[in-house]
Amino acid sequence: VEFSKGESPAPDAICGGAMVNWTNRRSRRVGSGQDQREHYSGNGNAGSNGSTWKNGSTWKGPPWPSQGGGDVEISSPEENPAVAPVLSRIRAAAEALGLTGEIIPFGSHLSGLGTANSDCDLSYMPQEENSAETPVRVLQRFANELPKHGFTGIITIFQAIIPLVKAVDPSGTEVDLCVGNQLGHQNSKLIAAYCSLDPRVSEVGKLVKQWAKAWELVGSSDGHLNSYAYTLLTIYYLMHTQPPIVPNLQDLAAQGYDPVIIRDRRWGREIDWDCKFWEDIHLIPKSSNSDSIGALLRGFFKFYAHDFDWASGAVCIRMALTPNSAPSKFGLYSSVQKEQWYVEDPFDLRHNLASQCTREGRVRILEKMKETLGVLDSASSEDAVPRLFANQCSWTPTRFLLKCRVHTEKVTASDFVEALSAVRDVGVFTVRFPVAHGSRARDVTDAFAIFQADSDRRRVHRLNETYIGGWQLRLLPCCSWALEDALKAADYERLEVLPRAAPGG
């Protein structure tokens with residue numbers, strides 16, 4: 001069935017209700033780089049919508065569903081009991097500020113990958129006629145207003161590609177608020193569509209993220225992959241199972257869909273990105289793959305630990321179609337060295353989500369994948385897999401870290417300790433400060449603060465973007481691996497910081 005340009009096919013327009021056949025493929029190579037791809041055909045193929053599976057905002061872990069089936073209905077944020085009150089309070093703050101734009105959810109709660117502990121990601125979308133204020137100015141106004149609506153723990157992070165305000169809702173939900181993040185919203189809609197195709201997408205995705213978080217392998221600033229990158233790894237893998245669990249929704253929309261152009265400025269100039277994808281999910285027949293969650297989880301770790309060619313291939317869901325092959329990472333938008341990994345953002349094609357993944361981080365991720373695969377392969381039966389995997393993810397942190405880039409000629413260890421110890425109601429914590437030797441005194445190096453409670457870390461994190469003399473503190477939460485890597489690379493002194501006595505004490 002052929003569709004005219006820009007026409008979105010209705011169910012009854014496709015062979016009287018027949019569905020898109022995405023399992024029959026034909027190959028096409030056009031040019032090189034981002035133009036290299038294969039296409040699913042658009043021939044009619046009868047199928048059934050199946051049953052409906054309601055996906056809530058929290059995941060309670062095993063038992064896992066044994067196979068896919070039926071359309072997944074992702075809860076809208078307004079229907080989500082964890083998100084709706086937060087949205088209401090943020091919108092009330094925007095109204096009090098006289099802001100006429102819209103508050104849009106994105107991230108895991110919109111995509112269907114949210115858990116009880118997920119942050120609530122929100123973006124204020126200014127109206128075009130009222131967009132004269134810079135994002136930082138708008139966020140500063142929100143930071144001043146949010147405490148009036150019950151929010152606490154306000155942290156401003158303005159020296160970032162996407163500036164944001166972090167806050168804690170009265171319900172305890174952590175909120176990240178930014179401005180004009182249209183690409184983030186489109187990315188979340190794409191992931192939600194994949195989750196709608198098969199419940200195993202969200203289940204495997206949540207388990208992979210749980211695993212990465214348990215091993216402290218999440219965070220590009222620490223030399224690892226961020227949470228979104230692990231989601232893309234999951235979807236790319238599920239496109240390469242035999243048979244595939246999901247099709248390539250961007251490729252299905254390549255013919256018959258008008259471009260969905262998002263103009264973005266994060267690279268220092270305006271760039272238009274085409275964010276279209278196949279949104280008529282109900283027309284896509286369900287995969288014939290009946291693998292259990294346990295089998296898919298084992299397959300995920302085997303795929304990336306042993307099968308995937310990180311030296312030449314890219315994790316690119318935009319171009320993924322042919323089993324046992326991967327797009328070349330050397331023909332995409334961003335240049336990359338052979339040893340670097342490439343995980344392409346499906347819309348912002350200049351964004352390699354693995355660009356900050358260090359050698360130590362890459363080695364660590366692969367080692368933990370191989371270790372976990374070995375544990376899962378030792379299962380005596382399929383029923384034992386959930387327990388073994390849960391044991392792999394049972395680690396709980398006993399220390400909570402912040403790191404901060406410092407110039408040892410401009411900031412001394414005593415200056416750093418004095419600034420951090422000024423925060424009240426914080427227990428004993430430790431500072432590891434770089435020791436300068438000769439020419440290294442001119443280097444900018446990470447200093448670390450190690451706390452015994454996450455609440456203490458959050459309190460000190462509020463000092464972010466304040467100053468010690470002329471040096472701005474840019475505090476980042478980090479993992480224990482970041483400290484271990486730093487201690488191997490340089491000398492650090494250790495300072496114990498005692499709680500500051502209360503006034504009059």
Side-chain angles (χ1 to χ4, degrees), residues 57-58 77-78 80-99 103-109 114-124 135-160 162-179 181 213 219 227 396-397 399-404 419-429 449-467 472-478 497 499-500 502-503:
S57 63
T58 61
E78 286 78 3
N80 188 323
V83 177
V86 179
L87 264 176
S88 178
R89 281 186 276 270
I90 294 286
R91 286 169 175 165
E95 184 178 353
L97 292 170
L99 297 173
I103 303 293
I104 299 293
F106 69 101
S108 57
H109 282 299
T115 68
N117 298 321
S118 295
D119 292 349
C120 181
D121 296 311
L122 302 173
S123 179
Y124 170 70
V136 168
R137 174 57 184 156
V138 172
L139 290 172
Q140 187 60 68
R141 293 176 65 193
F142 269 112
N144 296 334
E145 179 68 25
L146 289 177
K148 302 175 186 177
H149 300 264
F151 290 88
T152 58
I154 308 297
I155 301 170
T156 59
I157 304 175
F158 295 159
Q159 301 296 328
I162 301 178
L164 60 87
V165 168
K166 300 179 74 70
V168 180
D169 181 76
S171 66
T173 300
E174 296 187 13
V175 180
D176 287 352
L177 175 65
C178 60
V179 174
N181 191 1
K213 185 175 181 180
S227 180
T396 54
R399 56 181 185 172
F400 304 87
L401 284 71
L402 289 173
K403 67 179 180 181
C404 179
L420 270 55
S421 63
V423 179
R424 304 288 182 181
D425 302 321
V426 173
V428 176
F429 65 95
I450 303 101
F451 304 92
Q452 299 176 22
D454 191 33
S455 57
D456 288 349
R457 175 172 64 176
R458 287 191 61 88
R459 290 188 182 94
V460 174
H461 195 192
R462 295 175 204 170
L463 293 174
N464 187 55
E465 297 179 353
T466 59
Y467 285 84
Q472 187 182 55
L473 295 177
R474 298 185 184 179
L475 298 163
L476 289 171
C478 67
V497 184
R500 174 164 292 199

Min side-chain heavy-atom separation [X]-[Y] under 4.5 Å:
X: V86; Y: L122; result: yes
X: D121; Y: H109; result: no
X: T156; Y: L139; result: no
X: L146; Y: I90; result: yes
X: E145; Y: H149; result: yes
X: P85; Y: S171; result: no

Look only at the side chain of [X] and the backbone of [Y], and say whether a donor-acceptor pair between them is shorter than 3.5 Å.
X: S123; Y: N181; result: yes
X: R91; Y: I103; result: yes
X: Q159; Y: E465; result: no

Let's go through R89 and D169 carefully: what are the C-alpha distance in whole Å and the side-chain angles of both, what is the deciding distance for salt bridge (charged side-chain N to carboxylate O under 4.0 Å, His left out) to 0.1 Å, and is it a yes or a no? CA-CA 8 Å; R89 281 186 276 270; D169 181 76; 2.8 Å; yes
F429 vs F451, test: ring-ring contact (aromatic ring centres under 6.0 Å, His included). Steps then yes/no. CA-CA 5 Å; F429 65 95; F451 304 92; 4.9 Å; yes
Apply salt bridge (charged side-chain N to carboxylate O under 4.0 Å, His left out) to [X] and list each qualifying residue two or more places apart in sequence or on a separate chain.
X: R137; answer: E133
X: E95; answer: none
X: K166; answer: D176

Separation of [Y] [atom2] from [X] [atom1] (nearest 0.5 Å):
X: N117; Y: K213; atom1: CG; atom2: NZ; value: 5.5 Å
X: E174; Y: C120; atom1: CD; atom2: SG; value: 11.0 Å
X: L97; Y: Y124; atom1: CG; atom2: OH; value: 9.0 Å
X: L420; Y: D456; atom1: CG; atom2: CG; value: 11.5 Å
X: F158; Y: N464; atom1: CZ; atom2: CG; value: 9.5 Å
X: L475; Y: I157; atom1: CG; atom2: CD1; value: 9.5 Å

Do you know which two heavy atoms are closest between C178 and P163, and how far apart they sit?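 Of all heavy-atom pairs spanning C178 and P163, the closest is CB-O, 3.4 Å.
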Shortest non-hydrogen separation from F400 to A453 and the atoms involved: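 Looking at all heavy atoms of both residues, the closest pair is CD1-C, 3.5 Å.
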Considering the options V168, V426, L402, which one meets the side-chain contact (heavy atoms from CB on, under 4.5 Å) requirement together with R458?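 With R458 as partner, side-chain contact (heavy atoms from CB on, under 4.5 Å) holds for just one option, V168.
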